[in-house]
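So the structure is just underneath, and the comments pick up after that.
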Amino acid sequence: RDAQESRGLGDVYKRQDRLDHVFIMEKGTLKESTVAALREEQFHLIEMDFRPTAENFAKYFYEKMQVHGYQVKCATVYETPNNSAAYCED
């Protein structure tokens with residue numbers, strides 16, 4: 001997305017783009033033979049240090065935006081158009 005379109009959050013959109021259209025998994029939860037088979041089939045795998053739920057990703061994005069200097073009130077991750085998880089701090 002263009003930074004103008006994204007209300008100045010262009011870098012946020014670019015950073016999250018690496019997580020789009022990939023197989024996201026928690027480190028150490030699959031057998032190495034399963035991971036090897038997925039890689040052999042050309043799956044783009046990303047291993048996270050946490051279970052990749054919407055709730056955990058909301059907190060992950062909240063913290064990432066704070067680290068990059070944004071004043072964040074809340075981060076929301078949508079699983080479907082009608083279902084989301086939010087992480088907020090006071």
Side-chain angles (χ1 to χ4, degrees):
R1 291 187 179 177
D2 157 300
Q4 185 71 295
E5 253 182 67
S6 61
R7 298 176 306 279
L9 296 175
D11 59 326
V12 173
Y13 285 104
K14 288 176 191 169
R15 292 176 199 280
Q16 65 81 34
D17 208 36
R18 80 174 188 90
L19 299 175
D20 199 14
H21 303 289
V22 298
F23 187 105
I24 302 172
M25 62 186 188
E26 182 180 10
K27 285 182 185 173
T29 57
L30 295 178
K31 291 180 182 178
E32 190 51 45
S33 58
T34 302
V35 174
L38 290 168
R39 287 195 172 119
E40 185 178 324
E41 292 293 328
Q42 304 298 312
F43 277 79
H44 183 165
L45 306 177
I46 293 187
E47 293 181 302
M48 305 302 285
D49 291 325
F50 56 86
R51 189 163 301 275
T53 64
E55 295 81 6
N56 289 340
F57 267 113
K59 183 178 181 194
Y60 171 82
F61 289 127
Y62 182 98
E63 291 171 349
K64 285 288 185 187
M65 287 186 289
Q66 277 194 323
V67 165
H68 291 299
Y70 291 98
Q71 293 181 347
V72 186
K73 291 184 181 182
C74 194
T76 303
V77 173
Y78 281 83
E79 296 176 305
T80 69
N82 299 318
N83 188 30
S84 64
Y87 182 84
C88 308
E89 290 184 2
D90 293 329

Taking side chain as C-beta onward, heavy atoms only, is [X] less than 4.5 Å from [Y]?
| X | Y | value |
| --- | --- | --- |
| F23 | L38 | yes |
| V22 | L45 | no |
| F57 | E55 | no |
| E26 | P52 | yes |

Legend entry - Ring centres under 6.0 angstrom apart (Y60, Y87):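 Ring centroids of Y60 and Y87 are no less than 6.0 Å from each other.
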Inset, instruction - Identify the heavy atoms of C74 and Y62 that sit nearest to each other, and give their distance. - result: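 Scanning both residues, the minimum pair turns out to be N-CE1, 4.0 Å.
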Legend entry - Heavy-atom closest pair, residues A58 and A86: CB-C, 4.0 Å
Inset, instruction - Give, for atom CZ of R51 and atom CD1 of I24, the distance between the pair rounded to the nearest 0.5 Å. - result: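 The CD1 atom of I24 is 14.0 Å from CZ of R51, to the nearest 0.5 Å.
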Legend entry - Spacing of Q71 atom CD and Q66 atom CD [to the nearest 0.5 Å]: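 Those atoms lie 9.5 Å apart.
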Legend entry - Shared hydrophobic cluster, M48 / L30 (ILVMFWY, side-chain heavy atoms < 4.5 Å):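 No; L30 is not reachable from M48 via cluster members.
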Inset, instruction - Treating Ile, Leu, Val, Met, Phe, Trp and Tyr as nodes and any side-chain heavy-atom pair under 4.5 angstrom as an edge, say whether V77 and I46 lie in one connected cluster. - result: yes
Inset, instruction - Give a yes or no on whether a salt bridge exists between E63 and K59, defined as a side-chain N under 4.0 angstrom from a carboxylate O. - result: yes
Inset, instruction - Without swapping roles, check the side chain of N56 against the backbone of F50 for a donor-acceptor pair under 3.5 Å. - result: no
